[in-house]
2 protein chains.
Amino acid sequence: MVSFDSIREKLKESGIASSVQRVKVLEYLHECKCHPTADRIYGELSKNGLDISLATVYNTLNLFEEKGLIRILSLEGSENRYDIMTHDHGHFICEECGSIMNFEVNLNSSVYLCDESLSDFKVKKRDIYFRGICPECIEKEKGKEK
Amino acid sequence: MVSFDSIREKLKESGIASSVQRVKVLEYLHECKCHPTADRIYGELSKNGLDISLATVYNTLNLFEEKGLIRILSLEGSENRYDIMTHDHGHFICEECGSIMNFEVNLNSSVYLCDESLSDFKVKKRDIYFRGICPECIEKEKGKEK
DNA sequence: GTTCCTGCAAAAGCTTTGCAGAAGA
DNA sequence: TCTTCTGCAAAGCTTTTGCAGGAAC
């Protein structure tokens with residue numbers, strides 16, 4: 001559980017002025033493990049009685065990304081999704097149910113992932129997306145086949 | 001150099017009916033190493049006298065993607081880009097100049113990249129994006145500092 | 001002759017922007 | 001009080017869709 005004040009503190013550390021909306025958006029991203037869309041964030045916060053607009057959600061998310069608090073996941077063919085920045089991890093997208101899951105990435109081996117062709121490049125961010133079918137949907141498929 | 005007929009053959013193999021527009025789009029993707037946007041493809045082909053519309057470009061690209069001929073790169077905050085499907089490779093995006101470059105990925109090590117957490121998943125596609133600054137822009141920066 | 005592909009224009013998202021009023025320090 | 005954040009609505013872009021005419025086989 002992350003307290004209101006610790007979120008405010010986090011914003012301050014990142015050089016972002018506090019506001020009710022900003023705190024609530026960041027709090028939601030911390031608590032929701034679902035890589036939400038902007039619209040989802042807007043919907044959930046509104047539902048809980050917060051006075052906020054979709055435009056503010058977008059502006060806030062862009063600000064957070066700029067300051068390095070979150071990541072924007074842009075998945076082909078649909079809205080962007082937003083992910084709280086923690087340790088480095090990959091994203092698995094299920095083509096069947098659309099859910100997005102984190103998976104661990106071994107950073108050491110990712111350094112060796114590419115050959116020397118990148119030695120002259122300054123790499124700042126690594127995004128790794130895998131797509132396929134999640135265990136749950138594999139089970140469902142099996143059920144159908146019977 | 002890829003001939004008109006060999007492109008037609010390729011379409012046929014993928015179960016796609018031929019048309020002038022489809023052949024030209026695929027040909028352009030083969031020859032252009034630049035990961036073009038749909039609009040760029042439309043512009044270039046029109047300029048060369050082909051009668052084609054932007055809607056057809058999009059429809060064609062989506063069809064190609066469905067049939068596994070190309071990949072859609074969705075880069076946050078801008079239009080999609082399209083990449084002819086060859087061997088597995090990663091994409092480096094320069095945050096300075098926006099250019100997109102391929103880099104080699106060692107597939108064997110990418111298998112070991114993630115821990116066992118993915119062992120129950122059926123992985124079909126792997127997309128790897130690195131972001132940072134390309135050698136050319138690093139040089140430019142150095143020039144400015146002097 | 002049939003099938004289905006294309007161009008056009010309009011529609012449909014998602015995201016950003018401008019501005020006046022409100023909140024925060 | 002002064003700054004700047006927010007909500008609203010409108011605009012901006014990219015992408016998709018419907019339909020009639022035309023190309024492909």
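Per chain, numbering begins at 1; letters A, B, ... match sequence-line order.
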Answer with base, sugar-phosphate or nothing: what part of the nucleic acid does [X] contact at a heavy-atom distance below 4.0 Å?
X: A/S19; result: sugar-phosphate
X: B/N62; result: sugar-phosphate
X: B/D39; result: nothing

Query raised in the report: Taking only N and O in the side chain of B/N80, is any of them less than 4.0 Å away from OP1 or OP2 of D/dT15?
Result: yes
Query raised in the report: Within less than 4.0 Å of OP1 or OP2 of D/dA23, is there a side-chain N or O belonging to B/R22?
Result: no
Using whole Å, report how far [atom1] of [X] lies from [atom2] of [N].
X: B/D51; N: D/dG21; atom1: CG; atom2: P; result: 17 Å
X: A/E66; N: D/dC5; atom1: CD; atom2: C1'; result: 15 Å
X: A/Q21; N: D/dT6; atom1: CD; atom2: P; result: 5 Å
X: A/K67; N: D/dC5; atom1: NZ; atom2: P; result: 10 Å
X: A/L54; N: D/dA11; atom1: CG; atom2: P; result: 18 Å
X: A/L61; N: D/dC5; atom1: CG; atom2: P; result: 15 Å
X: B/Y42; N: D/dT14; atom1: OH; atom2: C1'; result: 15 Å

**Report entry** Options D/dT14, D/dG7, D/dC25, nucleotide nearest the side-chain atoms of B/E79
**Finding:**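 The nucleotide sitting nearest to the side chain is D/dT14.
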Requested in this report: Could you work out which one of D/dT6, D/dT16, D/dG7 sits closest to the side chain of B/Y58?
Outcome: D/dT16
Query - Given DNA chain D, 5'-ward residue of the pair A/V20 and B/T37, judged by closest heavy atom - result: A/V20
Report summary line: Assign each of A/I52 and B/A38 the nucleotide of DNA chain D bearing its closest heavy atom; nearer the 5' end lies the nucleotide of A/I52
Can you find a pair of side-chain heavy atoms, one from [X] and one from [Y], that are under 4.5 Å apart?
X: B/K122; Y: A/I138; answer: yes
X: A/C34; Y: A/R40; answer: yes
X: A/L69; Y: A/I16; answer: yes

Query - Nucleotide interval of DNA chain C bounded by contacts with chain B (heavy-atom cut-off, under 4.0 Å) - result: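 Taking any atom under 4.0 Å from a heavy atom of chain B, the span is C/dC5 to C/dA9.
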Query - Step-by-step side-chain contact (heavy atoms from CB on, under 4.5 Å) determination, B/T37 to B/D39 - result: CA-CA 5 Å; B/T37 61; B/D39 200 59; 3.9 Å; yes
Query raised in the report: Can we call the ring centroids of B/F130 and A/F121 under 6.0 Å apart?
Result: no
**Report entry** N/O donor-acceptor pair under 3.5 Å between B/S74 side chain and A/S74 backbone
**Finding:**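 Yes; at least one donor-acceptor contact below 3.5 Å.
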Query raised in the report: Can you check whether B/A17's main-chain N or O pairs, donor with acceptor, with B/R22's side chain at less than 3.5 Å?
Result: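 Yes, the answer is positive, given that a donor and an acceptor are paired below the 3.5 Å cut-off.
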